[in-house]
Amino acid sequence: MDSKEISAFQQQLQDWYGINQRELPWRHTTDPYRIWVSEVMLQQTQVNTVIPYYYRFIERFPEVAGLARARSQAVLKSWEGLGYYARARNLHKAAAVVDSRYGGRVPDDWQDFTALPGVGPYIGAAVLSIAYSHPYAVVDGNVKRVLARVFEDPTPVNGSAGHGAFRRLADSLLDQSRPGIYNQALMEVGALVCKPANPRCADCPINTFCLGNRHGSLDRYPQRNKRKPVPEIRIAAGVIRRNGRVLITRRKPEGLLGGLWEFPGGKIHEGESAETACRREIKEEVGLNIVVDAHLTQVRHAYTHFKIVLEVFLCDHVDGNVRLNGPVDHRWIKIEDIDQYPVPRANLKFIPKLRVKKPEVFNE
DNA sequence: AACGCGGGGAG
DNA sequence: CTCCCAGCGTT
């Protein structure tokens, strides 16, 4: 596109956005902190999922200082069920830096802001353009999909080569005078019109510029590298009852589901029964001898790189005191107090069954 | 450059 | 069920 076409592209995009943009809670604020929180949540996560979390998080942590001083447990509880918990841990750490080093003001300099934990090129460009009107083009999944179609760009969007290619394209198209509006308009077109499946080209404000639309080649873009098949892992977990309480353990602070609480258990070995694995894992992980009383339920859950089938057992404590090998903390809790602890989604799927069964199950 | 990291929606 | 989606940090 020449400069005249680029101007028209920018104008049509923003005119459309003025009329068709969704009403979203983070579009009613100019507070850089709130926009930052929204962008962290929106990373890898769809708008409709984020909305209730955003309201609760902002109500609980309305400003940087409060978040900076909060306990890790409280921050994770606010994030419970949203996934990618490193986002919450990094946001928490970053808030402490903003509070202490920048007096609570979110830095508006690229180097300063993107040096914060969890702030990369996307969140950097999004927050600096939307909150501070700095001319950085966002390049997220929506933008890459739209640009791949408009320019029939065969660069795989999920490969490392795509980084520079789509970055250069996005930079060349950015409206330097209104970068925040322009960036949001382009992403909104990706979300509402130029969708992954069944794009609504007739309603698209930039369809006249789009080579994919003109040539009928949309179904070939964006191109992507094949993903690897995900293995399925069987897990046994035990709800260990003792004196009307149950045992939960806390995962180490980093890595998968870092810092969350769960019922102890682990992988079922090849050729091993689920019950045996449950007894073995609990002996190894928390040092307790238990008996398996009943099979409560089976839960299937998909992660990014593997799937699990979780066999959940009701168990009774026989003897031994808790000696942790893996987990970093433990509690004997009343089942109704589980709400106070952040737990993984896979655990949330069977906890309601525990509460319903409480009278018969916790009859000590 | 490749991998680890959750969860939700569409079909 | 299966397939699709996707920024940042670590290695």
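Note on naming: letters A, B, ... go to the chains in the order of the sequence lines (proteins, then strands), and numbering restarts at 1 for each one.
- Among the protein residues, A:K307 comes within range of the sugar-phosphate backbone only, with heavy atoms under 4.0 Å from sugar or phosphate atoms but none that close to a base.
- Nearest-nucleotide mapping onto DNA chain B: of A:L82 and A:A197, the residue sitting toward the 5' end is A:L82.
- A side-chain donor-acceptor contact under 3.5 Å links A:R87 to the backbone of A:M41.
- Comparing A:N90 and A:P196 along DNA chain C, the residue whose closest nucleotide (by nearest heavy atom) sits nearer the 5' end is A:P196.
- Applying the salt bridge (Lys or Arg N to Asp or Glu O under 4.0 Å) test to every pair with at least one member in residues 144-169 of chain A, sequence neighbours left out, gives these pairs: A:R167-A:D171.
- A:R178 meets the salt bridge (Lys or Arg N to Asp or Glu O under 4.0 Å) test with no other residue; sequence neighbours excluded.
- Listed in residue order, the members of residues 43-57 of chain A having a heavy atom less than 4.0 Å from DNA chain B are A:Q44, A:T45, A:Q46, A:T49.
- Residue contacts for A:N142: at a heavy-atom cut-off of 4.0 Å it reaches the sugar-phosphate backbone alone, with no base atom in range.
- Connection of A:L257 to A:L247 is not established within any shared hydrophobic cluster, with ILVMFWY side chains joined at heavy-atom distances below 4.5 Å, either directly or through further cluster members.
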Requested in this report: May I have the step-by-step check of ring pair (Phe, Tyr, Trp, His ring centres under 6.0 Å) for A:Y303 and A:H305, ending in yes or no?
Outcome: CA-CA 6 Å; A:Y303 292 91; A:H305 297 291; over 10 Å; no
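- Using cut-offs of 30° and 60° on the angle between ring planes, the pair A:F263 and A:F350 is tilted.
- Because its NZ or CZ atom is both nearer than 6.0 Å to the ring centre of A:W332 and within 45° of the ring axis, A:R242 counts as a cation-pi partner of that residue.
- Note on A:R145: only backbone sugar-phosphate atoms sit closer than 4.0 angstrom, heavy atoms only; bases stay farther off.
- Across all strands, A:R300 comes closer than 4.0 Å only to sugar-phosphate atoms, never to a base (heavy-atom distances).
- A:F209 and A:V189 end up in the same hydrophobic cluster when Ile, Leu, Val, Met, Phe, Trp and Tyr side chains are linked at under 4.5 Å.
- Residue contacts for A:S160: at a heavy-atom cut-off of 4.0 Å it reaches the sugar-phosphate backbone alone, with no base atom in range.
- Ring-plane geometry between A:F9 and A:Y182 is classed as tilted, the angle between the planes lying from 30 to 60 degrees on a 0 to 90 degree scale.
- Nucleotides of DNA chain B with any atom under 4.0 Å from a heavy atom of chain A span, from 5' to 3', B:dA1 to B:dG11.
- Separation of the P atoms belonging to B:dC5 and C:dC3 is 22 Å when rounded to the nearest angstrom.
- If you check every strand for non-hydrogen atoms under 4.0 Å, A:A302 touches a base.
- Of the charged side-chain nitrogens involved, none lies within less than 4.0 Å of a carboxylate oxygen, so that A:E59 and A:R56 do not count as a salt-bridged pair.
- Side chains of A:W26 and A:E39: a donor-acceptor N/O pair is absent below 3.5 angstrom, by distance only.
- Contacts between residues 110-134 of chain A and DNA chain B, defined by a heavy-atom separation under 4.0 Å, are absent.
- Of the residues listed (A:N347, A:V246, A:L314, A:T297), the one engaging A:L354 in a side-chain contact (heavy atoms from CB on, under 4.5 Å) is A:L314, and it is the only one.
- Nucleotides of DNA chain C lying under 4.0 Å from heavy atoms of chain A occupy a range whose first and last members, 5' to 3', are C:dC1 to C:dG9.
- Rounded to whole Å, the separation between the C1' atoms of C:dG9 and B:dG8 comes to 23 Å.
- Under the 30°/60° scheme for interplanar angles, the aromatic rings of A:H134 and A:Y136 are found to stand perpendicular.
- Ionic pairing of A:R241 and A:D293 is present here: one or more N-O contacts between side-chain nitrogen and carboxylate oxygen are shorter than 4.0 angstrom.
- Residue contacts shown for A:G258 are absent, as no nucleic acid heavy atom lies under 4.0 Å away.
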